[in-house]
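Supplied in structure tokens, the structure appears directly below.
Heavy-atom basis, side chains included; hydrogens, waters and symmetry copies ignored.
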Amino acid sequence: MKPGAVESVPDLTAGLREMEALRGEQRAACTGSRRWWGGGLDVEGLALGSVQAAATALNALTGHPGRYSIDSGLTAASFDSLGHLRVEGRKPQGFAPTSGFRRTADGWIRLHANYPHHAARLMEALSATVPQDVDRALLAMTSLEAETVIAAHKGVAAAVRSREEWVASPMHGAAISGPWISLSRSDIRSVGSDSTPWMPAENPFQPLDGLRVLDLTRVIAGPTATRLLGALGADVLRIDPPVLPELIDAFIDAGFDKRSAEADFRKNEDIATVHALVASADVVVTGYRDGGLDKFGLSQDALLATKPGLVVVALTAWGSSGPWKGRRGFDSLVQAACGIADRYGRHHDDGWTPGALPVQALDHATGYGLAAAVLALLAERLMTGTGGAAKLSLARTAEELFVLPSGYQGSPVSQLHEPEYLEADSPYGELRFVGPPLVVAGTPLTYREPPVRYGTSTLAWRQESGKPLVSSNA
């Protein structure tokens, strides 16, 4: 990609500027090309704008305008980090065979069966015993019928809708409401035992040193956010449920600069430990469907009521209002539902088929939006002493993509060159990977530590002495 300043990056910082600490902050600089994927939507603009939002918030937090910038080549690589990853030379597994687009009686549906429990629910919903049964069952149903049946069995699927069909639905009204990054400050100033002494560190490559981040996210978007926070020096502790393990390739890809533990929230001892971690945390990032953590006392309101100085950032697929607010979802399903798959569809010899964005841009852009929200709320906390909350959703990110100006389409499409690969040894063997998309005073930010083995870290912060950071079975 050609060097030089990029002048036409969409400004995605509007929500951040609701915070006083960000109102006067200039947007972080961006160098490189403006267009490299091509296509009907400004995916490059979404990518650059989301990373720029994070860099801008980081400049405000550290009080060093211009120190952190972004590069379009690094951004393009980071948005396809799983595609670039190699584990002992092996390419990560993509979508499972049962996932993907399938024909129905009246159109198409997108299935997501990468996780074993979702695959099992799909088979049950369609009374299928072998994968061929899935195709036969779907051909006997309309797309909306199949979507409804699969969702009723707690599976995950979305009918492929046109943009017009989505806009006419009640789900769209919920998805489009509010800013892309919705921020709110706590009404209570952090005082006494709840006061949080954390301040940004002087090291420009690790300004978040000592920041404690509890990571309750999965898949891509949330782990992308916490991976960046970890790369900037934060003590990130990711917690997953032992009964629903993460896909290992996805874990490795987003596992740099964080630790990994397991906790069964249904057990009193485990949930008590999690609440003890919250009590000494600076940031909590959640990535479950709306209301999924409420019964464990981990909703945003409950967390801020317990600790007003906390920064709590929540990600959902479909948002926190509307008829789908509690529905499970993934990037690929949001693309199918909101009109992206229809927009990127193509005609072939055997007819029309739906398409997809060149990368899982909704996931990655939302992830960098989450990181931007954390950094902006931390900057505000330095000024006011109050914590705060933020909400983002994959569906809202899709709406942001659709409203981006289309003038970029006149720009030439630059060749996407092979990125600079990094290598590191890990518990999974030799890794080849790409680094973060941020540039620190002209030098690309890099990850400091490879992923640990999944679920082997102790449920404790790194700074707590006398406790091993990795369990004995690592």
| Would a line drawn from the ring center of Tyr454 to the ring center of Tyr428 be shorter than 6.0 Å? |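 Aromatic pair excluded; centres sit 6.0 Å or further apart.
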| said: With side-chain hydrogen bond (donor to acceptor under 3.5 Å, both in side chains) as the criterion, how do Thr366 and Thr397 come out once you've worked through the C-alpha distance, each side chain's angles and the decisive distance to 0.1 Å? | reply: CA-CA 6 Å; Thr366 305; Thr397 299; 2.7 Å; yes
| When the ring planes of Phe256 and Phe433 are compared, do they come out parallel, tilted or perpendicular, using 30° and 60° as the limits? |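 Tilted: the ring planes of Phe256 and Phe433 meet at 30° to 60°.
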| query | With Asp253, which of Arg86, Lys91, Arg227 fulfils salt bridge (charged side-chain N to carboxylate O under 4.0 Å, His left out)? | reply |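 So, applying the salt bridge (charged side-chain N to carboxylate O under 4.0 Å, His left out) to Asp253 and each of Arg86, Lys91, Arg227, only Arg227 qualifies.
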| said: Counting C-beta onward and ignoring hydrogens, is there a side-chain heavy-atom pair between Glu147 and Arg327 closer than 4.5 Å? | reply: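 The answer is yes, as the side chains (C-beta and beyond) meet within the 4.5 Å cut-off.
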| task | Give a yes or no answer on whether the side chain of Ser393 reaches the backbone of Arg396 with a donor-acceptor pair at less than 3.5 Å. | result |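 At least one qualifying donor-acceptor pair exists.
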| request: Look only at the side chain of Gln93 and the backbone of Asp249, and say whether a donor-acceptor pair between them is shorter than 3.5 Å. | output: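 The answer is no, because no donor-acceptor pair under 3.5 Å joins these two groups.
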| task | Look at Asp209 together with Arg462 and state whether they make a salt bridge at an N to O cut-off of under 4.0 Å. | result |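 Looking at Arg462 together with Asp209, the answer is no, because their closest N to O distance does not fall below 4.0 Å.
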| Just wondering, do Arg34 and Asp42 contact through their side chains at under 4.5 Å, heavy atoms? |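 Answer yes - side chains close enough.
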| How long is the gap from NE2 on His118 to CD1 on Ile150, to the nearest 0.5 Å? |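 Atom-to-atom, His118:NE2 and Ile150:CD1 are 12.0 Å apart.
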| Close side-chain approach of Phe79 and Ser50, heavy atoms under 4.5 Å |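 The answer is yes; the side chains approach within 4.5 Å.
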| query | Any chance CZ of Arg266 has more than 12 other-residue heavy atoms, nucleotides or ligands included, within less than 6.0 Å? | reply |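 For Arg266, atom CZ is not crowded (no more than 12 foreign heavy atoms under 6.0 Å).
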| Separation of Thr217 OG1 from Glu246 CD (nearest 0.5 Å) |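 So the CD of Glu246 and the OG1 of Thr217 are separated by 8.5 Å.
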| Would you say Arg238 and Thr226 make side-chain contact, with heavy atoms under 4.5 Å? |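 Of all side-chain heavy-atom pairs linking Thr226 with Arg238, none is under 4.5 Å.
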| Quick one: does Asp133's side chain have a donor or acceptor within less than 3.5 Å of a partner on Ala128's backbone? |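 Such a contact is absent between Asp133 side chain and Ala128 backbone.
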| query | How about Asn59 and Arg67: do any of their side-chain heavy atoms sit closer than 4.5 Å? | reply |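 The answer is yes, as the side chains (C-beta and beyond) meet within the 4.5 Å cut-off.
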| task | Of all the heavy-atom pairs spanning Pro204 and Tyr68, show the shortest one and how long it is. | result |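 Result for this residue pair: O-OH, 2.5 Å.
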| query | Is the backbone of Pro223 close enough, under 3.5 Å, to the side chain of Lys258 for a donor and an acceptor to pair up by distance? | reply |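 Looks like yes, one N/O pair under 3.5 Å.
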| said: If you define the side chain from C-beta out and look only at heavy atoms, does anything of Ser33 sit under 4.5 Å from His417? | reply: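 No. Closest side-chain heavy atoms not under 4.5 Å.
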| field | Shortest non-hydrogen contact between Ala146 and Leu138, atoms and distance | value |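 So the minimum-distance heavy-atom pair works out to CB-CD2, 3.6 Å.
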| request: Look at the aromatic rings of His112 and Tyr115 and report parallel, tilted or perpendicular, splitting at 30° and 60°. | output: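 Parallel: the ring planes of His112 and Tyr115 meet at under 30°.
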| Nearest-0.5 Å distance, CG of residue Leu445 to CG of residue Leu74 |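 Reported value, rounded in 0.5 Å steps: 9.5 Å.
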| message | A quick test of your reading: do over 12 heavy atoms of other residues, nucleotides or ligands sit less than 6.0 Å from CG of Asp350? | response |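 It does: Asp350 CG has more than 12 such atoms within range.
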| message | For Ala460, is there any backbone N or O sitting under 3.5 Å from a side-chain donor or acceptor partner on Arg259? | response |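 A pair under 3.5 Å: yes.
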| query | With no hydrogens and no angle check, is any side-chain donor or acceptor of Arg161 less than 3.5 Å from a backbone partner on Trp166? | reply |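 The answer is no, because no donor-acceptor pair under 3.5 Å joins these two groups.
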| said: One pair to check against salt bridge (charged side-chain N to carboxylate O under 4.0 Å, His left out): Asp342 and Arg163. What are the steps and the verdict? | reply: CA-CA 7 Å; Asp342 181 73; Arg163 181 62 181 165; over 6 Å; no
| task | Spell out, as yes or no, whether a donor-acceptor pair under 3.5 Å connects the side chain of Gln300 to the backbone of Ala390. | result |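 Confirmed, Gln300 side chain pairs with Ala390 backbone.
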| query | Got a donor-acceptor contact below 3.5 angstrom from the Asp331 side chain to the Leu362 backbone? | reply |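 Indeed, once roles are kept as given, a pair shorter than 3.5 Å links the two residues.
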| said: For a side-chain hydrogen bond (donor to acceptor under 3.5 Å, both in side chains) check, start with the C-alpha distance between Asp290 and Thr316, then their side-chain angles and the critical distance, and finish with the verdict. | reply: CA-CA 6 Å; Asp290 186 69; Thr316 61; 5.8 Å; no
| What pairs of residues pass the salt bridge (Lys or Arg N to Asp or Glu O under 4.0 Å) test when at least one of them lies in residues 417-438, not counting sequence neighbours? |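 Passing the test, one end in residues 417-438: no pairs.
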| task | Could you tell me which non-hydrogen atom of Ser143 sits nearest to which non-hydrogen atom of Ala159, and how far apart they are? | result |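 Where Ser143 meets Ala159 most closely, the heavy atoms are CB-CB, 3.7 Å.
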| said: Here's a test for you: under side-chain contact (heavy atoms from CB on, under 4.5 Å), which of Leu228, Val283, Leu229 qualifies with Leu375? | reply: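 Option passing the side-chain contact (heavy atoms from CB on, under 4.5 Å) with Leu375: Leu229.
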| task | Mark yes or no for whether Tyr421, through its side chain, and His84, through its backbone, hold a donor-acceptor pair below 3.5 Å. | result |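 No, because the side chain of Tyr421 does not come within donor-acceptor range (under 3.5 Å) of the backbone of His84.
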| task | Kindly say whether Gly210 contributes a backbone atom to a donor-acceptor pair with the side chain of Asp235 at under 3.5 angstrom? | result |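 No, Asp235 side chain to Gly210 backbone: no donor-acceptor pair under 3.5 Å.
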| query | Taking C-beta and beyond as the side chain, do Leu298 and Leu303 meet within less than 4.5 Å on heavy atoms? | reply |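 Yes, side chains in contact.
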| Nearest-0.5 Å distance, CD1 of residue Ile239 to OG1 of residue Thr273 |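 The CD1 atom of Ile239 sits 9.0 Å away from the OG1 atom of Thr273.
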| field | Note, His364 side chain near Ser81 side chain (heavy atom, < 4.5 Å) | value |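 His364 reaches Ser81 side chain to side chain.
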